[in-house]
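Below is one structure; the comments refer to it alone.
Only a predicted model underlies this, so the values are computations on that prediction, with no experimental measurement involved. Letters A, B, ... are given to chains in the order of the sequence lines, protein chains preceding strands, and every chain is numbered from 1.
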Amino acid sequence: MNRRRVTVVAAAVGVVAGATGLGVLAMPAGAGPAPVLPDVSAEALVESVLGAKPAAFGGTVAVNNDLGIPSVAGVPQLSDGASTVRMWTDGTGKLRVQLPNGDSERTFVDDGETAWLWDSAEQTVTKLPHGSFEERKPELKPGEQQAAPTDPVTLSRQVVAAVQEYSDVTVDGTARVANRPVYELVLTPKPTEKTVLREVRVAVDSELRVPLRVAVLTNGTDAPAVQVGFSDLNVGPQDASLFAFTPPAGAKVTEPEVEEPSAEEKAAAEKAITEANTQVIGEGWDTVLAARVSQDALTGLAQQQEQQGENRRWEEREGQDVDVQGLLKQLGKPLSGTWGSGTLITTRVGGVLIADDGRVAVGAVPEQVLVDAIGQVK
Amino acid sequence: MSALVATRAPLGRQLRSELRWILRRPRTVIGLASLCLVPILAGIGLWFAVDGDGPAGPGLAGIIAGNGLVLPVFTLFLALPLLLPLVGAIWAADGLAGEAQHGTLRGLMLSPVGRIRLLGIKAFGVATMSLVAVTLIAVVGAITGAVLFGGEGMLTLSGSTLSFGAALGRIVLTILLVTVQVWGVAAVAMAISACTEHPLVVMAATMAGVIVFAVLGVFSALDWLHPYLITSAWNGLVDVMRDPLPTEELWRSTALAGCYIVIGLSLAAMRLATKDN
């Protein structure tokens, strides 16, 4: 009888232990106590980040996205929810990035001479030899190049000074990211700023001086609207074979041809930019980008959308006659006032206001600021 | 007090006898033979799909062309959501409830073998047979894949090609990972099996549980619950086909199944210890 009781007690302990194990597994990993690091000023921290040498490391980046942006097919890292990016670099320009997505994966490998992009769902490889895209970089005039300070000390002072005009920059203690000690650099908008953002937190590695985690927090919530940070980081030389890529036997290899844009295309682009009349309204955190987009451009955009979103509802409508406003209204809510009427699309980090006559205003600001800005668009 | 010397049956002999007892049932042999058909049918289906344009399907099916060693992994992940839990539940149902139905459990309980040891022997039988079933599917899958699709190495989802040895390592790893998940389900089935004398109840309850768990895993509003569900860890096992191998999710799912094993066997022990003959 006694032995039976012992068995029952032992089994009950087993059940409790198993249930506790489930609980422990479900809990997010604790960060551990904050490390003790020598004090550093915000300016010195920014300076060291700008002057940091690229290091060799490999790790996993966890992306937690709660922006409220409509999902983008094929790139879960941009959509709402949690996802991961795995990356390795040897510090001299070679790079490997893997984007796992459900039961498929995209891999980007830059071996120093050629960049490869592999997509397991399509079994395709895209080959991008170096040099084919570099001519497209905007050319700086010699004078402009002189004006940009090259030494990190001057540059960081200018950066911090520019940021401090509208925000408080502080070092808010230390923490641990991917089991490495970090300084928490916090940018808080000044109270006079009207932005919807509450603060931006950047965790800087105390040794490498590389940002390991960036979190954007908005008004009214504790959880970050978006947080990108390493969950696992190995600093040191990485396996050289990671930075080599051989297209698998069965895969289709394509090499996109780079064509100089024709004069016609250039002219069209210039015309579009001139017509759009991009303006910057406000300053600091309240900056609103405004523009006037012609109806043709909106229709063109909508047709492209229609071609891409094969399974979307608006696909049911036939080709040419696209209802742009109807499309926008599915994404946002209608709004009208003395400035006219339009559609407001809001996310947790800001909004876009698109007026019916083609005026557009974008910014990390509340609705009222967008409405004020669109009234000023010429 | 002379002649009463306790004669103890050696553990090895008890385990052997349990396995012989299971393997001698004709339905066991027929069941295992039908499991061999799963990778063959999956391979033939994919073979026709590969003939067409574009990838043969989503996920692992997309990289199977010319890459036959992926077939065992593909088939195991295909069987894991429903078929393998059913297999585990059948062994567990036969182990205790089946014996109770035939009245043979009573004899076992009266025999001079401790009840915990009896449960241990039954659990060993279930675990071994689950491993045998999973291994059989993988071996037949590897042979079918090599015949139908060929290929010397194994192309991973990350686009790198593993050598033949490394590919075999990944297949063995998949067998072990999948078997532990089946053990997790079968341990809970053992607990149910200890409570009833109808094998059908065990199978129905286990399969209903697996299906309900899978449905709960679909709702994003219940995402606080997902880390506790054994079924929600199964999707992450596809990490075994990535290169370099990310181990975090594999360890987590194995530990989760381990918790289910501990809970299931403890509940079964509790019920068996308090069971009247």
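Taken to the nearest 0.5 Å, the CG atom of B:Asp239 stands 5.5 Å off from the CG atom of B:Leu250. Distance check: B:Lys122 NZ to B:Arg115 CZ gives 14.5 Å after rounding to the nearest 0.5 Å. Rounded to the nearest 0.5 angstrom, A:Thr7 OG1 and A:Arg3 CZ are separated by 6.5 Å.
Of all the listed residues (B:Thr156, B:Asp243, B:Ile116, B:Asp223), the one sharing the greatest number of non-hydrogen pairs under 4.5 Å with chain A is B:Asp243. With chain A as the partner, the residue from B:Gly114, B:Gly159, B:Pro227, B:Ser158 showing the most heavy-atom pairs under 4.5 Å is B:Ser158. Counting heavy-atom pairs under 4.5 Å between each of B:Ser160, B:Gly236, B:Pro246 and chain A puts B:Pro246 at the top.
Defined by atom type and a distance below 3.5 Å, a donor-acceptor pair is present between the side-chain atoms of A:Thr218 and A:Arg348. Between the side chains of B:Gln14 and B:Arg117, at least one donor N or O lies within less than 3.5 Å of an accepting N or O. No side-chain N or O of A:Glu105 forms a donor-acceptor pair with one of A:Ser120 less than 3.5 Å apart.
Heavy atoms of A:Trp116 lying under 4.5 Å from chain B are absent altogether. If you measure heavy-atom distances from B:Leu155 to chain A, the contacts under 4.5 Å come from the side chain alone. At a 4.5 Å heavy-atom cutoff, A:Ala10 makes no contact with chain B through either its backbone or its side chain.
In this structure, B:Phe213 and B:Tyr260 have perpendicular ring planes: the angle between them is above 60°, well past the 30° mark.
Within residues 223-236 of chain A, no residue approaches chain B closer than 4.5 Å by heavy atoms.
Within 6.0 Å of CD in B:Glu248 there are 12 or fewer heavy atoms belonging to other residues, nucleotides or ligands.
Checking side-chain atoms of B:Thr75 against main-chain N and O of B:Val38 turns up no donor-acceptor pair under 3.5 Å.
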